[in-house]
Amino acid sequence: MTINPSAPASVTAAISLPRRIKRLMDLAYNTWWMWNPSTLHLFADLDPQLWDHLNHNPVKFLRVLERAKLNAALADIIYLTLYDKVMEQFDAYLKEQNTWFNVTYPQLKDKTIAYFSMEFGLHESLPIYAGGLGVLSGDHSKEASDLGLPFVGVGFIYQQGYFRQRISEDGWQEEYWENVDTADLPVTLAKTPSGADVIVDVELPGRAIKVRVWEMHVGRVPLYLMDTNLESNSPQDRTLTARLYSSDLDVRITQEIVLGIGGVRALRAMNIHPKAWHMNEGHSAFTIFERIAELVKAGYTFDAATENVRATTVFTTHTPVPAGNEAFPLWIMDKYFPHYWERMGISRDQFMNLSLINLGWGDAFSMPMLALRFAEHRNAVSELHGKVSREMWNFLWKEKKEEDVPIRAITNGVHTGSWLARRMRLLFERSLGADWYEHLDDFETWASLLSIPDDELWNVHRHLKRRLQIFMTDRARAQWQTTHIHPVQIIASGSLMDPNVLTIGFARRFATYKRASLLMRDVNRLLKLVNNERMPVQFVFAGKAHPADDPGKRVIQELYRTIKRAEFAGRMMFIEDYDQNIARHLLQGVDVWLNTPRRPHEASGTSGQKAAINGVINCSIADGWWPEGYNGKNGWLIGDEIPKANDEEQDRFDSESLFDILENEIVPLFYKRDEDNLPRDWIKMMKESIATLAPAFSTRRMIKDYTQMYVEAMKDSG
Ligand SMILES: *Cc1c(COP(=O)(O)O)cnc(C)c1O
C-alpha cells in the first residue's frame, strides 16, 4: 500500500489555506498527527479554545478557523519552523522503506494483511468506536503503520456512532445520539483501480442494498470504512449502519453481513487480495462464508475451499465467558442466508452445522465458534484469558488435552505514542535517548528510566494532575452554563477536585462484572478513607453502561447517589460521557488506577497499561493482563487467585482486601514525604511500574507477536 500524503483535491479546493501552510490539510487527512504531539500543537496553537470546542477534530477545525488566526501564524517564525519540521517528518514517515516489517520479512512486503473489526477507536474526534475492542483495533492499526506492516483495516463509518451519555440528577444514565457529517471526518470515497467509487451489493431478505466504502489514512495504513447511507437504499436501509451495537437482532446480523460479506467484496472491488485475513472478534466471521463461496465459484470443492480459507485466517477472541459469545437463533440465519449455502456448495443442514450450538434457549449459530473452526491461527488476549479460552473451547477439540487446545495467547498492549502525555514523553526522550521510540519494547532501554531525578518525574506528574483538575472544572462550568442541571451535579462532576489529594481513577464500561460498586460495600469505611483529615483520598469515576443494560445503569445510579452525599465532601466524582479524551486526561492525571473485575471476566483490559506508561500505579484484581504485569513492586494486587464459593463471598473478600490495601499501603505511601516534600517511595514505585510495564504492554511487542501469526498465514497462502 502506498498512502498519498496529500489531502483530497476536493477538500483543498473547498477550504483554502494560505500557501505557506497549506499542507496543514494533508496532516488533517492522515491520523498520524494523533500520535505526534508537535503536530497536534500545529493545530491547537492556532486557536486552543476552538480546538477543544471541536473535540480536537482538525478537519472541522481548519474549515471554521478564522482567517486572522491563520494570518497570525504566517507571521510567527516559531510556528513556521515547527511546521516545516513536522512536514519533513511526515513525508519521511510515509516514504520510509526500511521499516521493521520490510527489513524482517522482505519476501512478504508486497502481500496484504486484512484486519476486520466492528469498531476502530483511533481518537475522540472519530466516533466509530464504543470501548475497549475499538481502542485495541485503533492501537493495532497505528502500530501496524509504525512497524510497516502491509496492512489494511476494514470496518464501519457510523453516522451516529456509539451513544453519548448524560447523568440525571438521580443518577440515571440518559442516552442521546449525534449525527456526524462525513465531510467533518478525515475520509474520502474509496476508489476502484479505474477511478470509480467503490460501491458493492449485499443481499438482504427480499432486496439487495448498496454499501459504500470510505478510505481513511492511519499513517501508512489505509482503513476501509463502510456505510449504507446512500440515496439508492430505502430510508430504513440507510440507517442500518448508523449506530454501534444495536440491540435489534436484524440490525446486528445485517451489520455483520455487511462487515463480513460486504467487506470482502469491497476489497475485491479495489483489487486487494489479502494473503492473511484477521478477524478481530467474531463479528466479522461471515467473511468465511464469502471467501468459501468465492473459491467454490472458482471451481474448488467445499472441502478444498475450506482448507484454503482456514490456513490463511487469523482469529482473536475477546470473550472469557460463554454467555458473552454472540450467537444468532437459527430462524434468523434462515431468514438472512437462504440459498447462500448453495453458493458454498453445501446443504442447509450442513451450513447450519458449521457452527451449531445449543445455548439453553434453543439451537443457535455461534459466531466465535465459526471463527475458531475456520481460522487456523487463533489467539486470546492475555495468558489467563488463553487458559480460560482453552478450557471453554476444549469441546471443539475433544481429542486434545486442555493445554493442547490450539488457542495461543497474545496479551494486549497500548500504542505508546497515542497514550503517553507529551510532558512525560519529553522527559523520557531526555533520559532514554532521542531514539527511545524505536526501542519501545526493549526492557534495557526502559531500565535507564530509574535514573530520572525524582523531582523531575514528580513535577511532570503534578502538572498532569493539575491538567486533570482544570479539565474537570472546565467541564463542570460548561455543564452549569448550558444545561438544566441541579447544582449538586456540579459538585459530582468534580468542581471540588483537589490536585494535592491522593486521587484514584476508575473508568471503564459499567458492566456489573467490573464491580464499580465494590467500594460501596462498606460505606463507613469509605467515608473514613475519603475524609481522613491528614491523608484524604478522592475518587474519579467515568464510564458508560450499554443502553440495554439496566443492571449496569443501576450500578451507575448507586454510585452517583453516593457521590452526591454531602458527607463525601465532593471527593467522589463522576465525569459524564466517557471517551478517549476523558480517558487520556484521567489515566494521565490520577495517582492510582483501580481495576476490580470479577475474575476471570476481564479478558485483558488495557486502560491500566495506558495509566502505567504515564506513571500512574495500578491497583488491580489478578485478572486480564495484570497477573503478567504485577511483580510485587510495581503496583498492588487485590485479593488472590483462589476462587471463592460464590459471587457474594468473592465480592466480600475482594472488597475487604481492597480496603486493607488502600488503608495500610496506598494512603500511607502516598503521604510519606521527605524534607523536600517528595514521596520518595511512591516515586520509586512509579519508576518500577513504568520501566517494567511500558516495554511489555506496548503494541510494539504485541504487533510483533501478531506478525508471527500473519507470517504463518501468508506462508500457507502460497
Ligand atoms: C482504553 C479504553 C478502554 C478500554 O479499557 P479497559 O481497561 O478495557 O476498560 C475503553 N474505553 C476507552 C475510551 C479507552 O480509552
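The residues of the chain are indexed from 1 along the displayed sequence. In listed order, ligands and their atoms are each counted from 1.
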Contact check, side chains of Y29 and M216, non-hydrogen atoms, under 4.5 Å: no
Distance filter under 4.0 Å to T606 heavy atoms, resulting ligand 1 atoms: 1 (C), 4 (C), 5 (O), 6 (P), 7 (O), 8 (O)
Identity and distance of the protein heavy atom lying nearest atom 10 (C) of ligand 1: G132 N, 3.5 Å
Sub-6.0 Å ring centroid separation between F61 and H53: no
A583 neighbourhood, listing ligand 1 atoms whose heavy-atom distance to it stays under 4.0 Å: 15 (O)
Test of ring centre spacing under 6.0 Å for F541 and F506: yes
Distance filter under 4.0 Å to K514 heavy atoms, resulting ligand 1 atoms: 9 (O)
Identity and separation of the nearest protein heavy atom to atom 9 (O) of ligand 1: R508 CB, 3.5 Å
Test item, R584 contacting ligand 1 (heavy atom, 4.0 angstrom): no
Output field: ring centroids H41/W51 closer than 6.0 Å: no
Nearest protein heavy atom with distance in Å, relative to atom 7 (O) of ligand 1: S607 OG, 2.5 Å
Under-4.0 Å salt bridge between D651 and R598: yes
Nearest neighbour in protein (non-hydrogen) for atom 11 (N) of ligand 1: Y578 CE2, 3.5 Å
Minimum-distance pair of heavy atoms, taken over all atoms of T317 and E281: CA-OE1, 4.2 Å
Ligand 1 versus D579: contacting region, heavy-atom distance under 4.0 Å: backbone
is_close_aromatic(W436, W446), centroid dist under 6.0 Å: yes
Part of H318 with heavy atoms under 4.0 Å of ligand 1, whether side chain, backbone, both or neither: neither
Taking atom 3 (C) of ligand 1 as the reference point, the nearest protein heavy atom with its distance: K610 NZ, 3.7 Å
Exercise: identify the closest heavy-atom pair between A371 and M279: CB-CE, 3.6 Å
Centroid-centroid under 6.0 Å between H140 and Y706 rings: yes
Within reach of ligand 1, part of V135 (heavy-atom separation under 4.0 Å): side chain
Close approach of W419 to ligand 1, heavy atoms, under 4.0 angstrom: yes
